[in-house]
Amino acid sequence: MDFHFEVLKTDPTGARLGRLTTPHGVIDTPAFMPVGTAGTVKGLTQQVLTELGVQILLGNTYHLYLRPGHERIRLLGGLHKFMSWPGAILTDSGGFQVFSLADLRKITDDGVVFRSHLDGSEHFLTPEKSIEIQQALGSDIAMVFDECIEYPADRSRAAGAVKRTTEWARRCREQFRTNADAATNSGQALFAIVQGGAHADLRRDSARHLVFLDFPGYAVGGIAVGEPHALSCEMVAVAAGELPKDRPRYVMGVGFPEQIADYVRCGVDMMDCVLPTRNARNGCLFTSTGRVNIGNAIYTDDPRPLDERCSCMVCRTYSRAYLRHLFQANEILASILNSHHNVAFFLDIMGKIRQAIAFGELAEFSSEFQARIEAGES
Ligand SMILES: [Zn+2]
């Protein structure tokens, strides 16, 4: 299957219902992508992900490059085969992790020298190297290597990052084309990433430069890095306004359940977030009436399901009291069940959002969802 995207319907709010075709299946958009950092969505087997309806997941280039190594994965047939995942995979460029996790040594126009957070070994990541790694992994969607900046970042710093990101996107595209024969997945597509911090005009410039380079899809990066949510949405909307309507748009690393529809209304088709799995392991569960810290003593004798509105296996099968017990006792099953529910919950929200767009009722869906969360637990 060739890479292909079509918008099936646009809601009055600006939200889009679409269909993204990849070499590993069709993805209904807007789509939520669980994060499978090191070739696994922590706590969930690939069989469970399939049962939950996951059509695409995210793999982290930085982690897979350091361990077990992209060449090893290439020799084992690519990431899909390595992890026995039949669905689609998007790999990030490694940029975000290098800038946030690793011990940075030097950033130049050439690339980034960093020390591994695992063993302190020194590495040099360039746009070309990032593409080479992602081509070895064989993801369906690869991302350009971009410069991620902190919030707040002043104008000159943000402008510098935009300039470097554009130049790096051009180099990534060049490498992606010239090295195409070595790619594990011949149908792989490369997306660009709009930067610009919290500066609307820089976001616009960044998007225009990248659109000129002509990519099959575009992401908005550097969102939800500490700025207020309204500002995140404003920046995404500004960027989306410059992006071609017939290409998929992806906001990286967002968001909380109550924020997902806001991004969708900005015309966003794809999102990923570690929240459902990371928070699950810390006992923070997302429900239709807000967040539940399952370690809380008030759940000790609570026989009710975690979320009465959720039809996932966990909510159908177990009580809050049992989930609380597992969490307090540090049982492995706590992480498994908590991750299962949280990922199911995020996927369910996206499914309901798609349905609402289809019926032209996204605004109603959002206000009902918000009202339930504000009303709190019943
Ligand atoms: Zn559930």
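Positions are given from 1, in the same order as the sequence printed here. Note: hydrogens, waters and symmetry copies are ignored here, and every other heavy atom, side chains too, is used. Since the structure is predicted, the reported quantities are computational estimates derived from the model, not experimental observations. Atoms within a ligand are numbered from 1 in the order they appear, just like the ligands themselves.
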The single option from K163, R170, R164 passing side-chain hydrogen bond (donor to acceptor under 3.5 Å, both in side chains) against E167: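 The passing option is R170.
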
Any luck finding a side-chain donor-acceptor pair between S339 and H341 under 3.5 Å?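 Distance-only check fails for S339 and H341.
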
For the residue pair Q55 and D28, confirm or rule out a side-chain donor-acceptor distance under 3.5 Å.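 Yes.
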
CZ/R204 to CD/E242 distance, rounded to the nearest 0.5 angstrom?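 Going from the CZ atom of R204 to the CD atom of E242 covers 6.5 Å.
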
Does R265 use its side chain to pair, donor to acceptor, with the backbone of L362 at less than 3.5 Å?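 Between the backbone of L362 and the side chain of R265 there is no qualifying donor-acceptor contact (under 3.5 Å).
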
How about the Zn ion (ligand 1), which protein N, O or S atoms come within less than 2.8 Å?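 Under 2.8 Å from the Zn ion (ligand 1) - ignoring waters, which are not counted - the protein N, O or S atoms are C310 SG, C312 SG, C315 SG, H341 ND1.
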
Should R19 and D269 count as an ion pair when the cut-off is N to O under 4.0 Å?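 The answer is no: the pair does not qualify as a salt bridge.
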
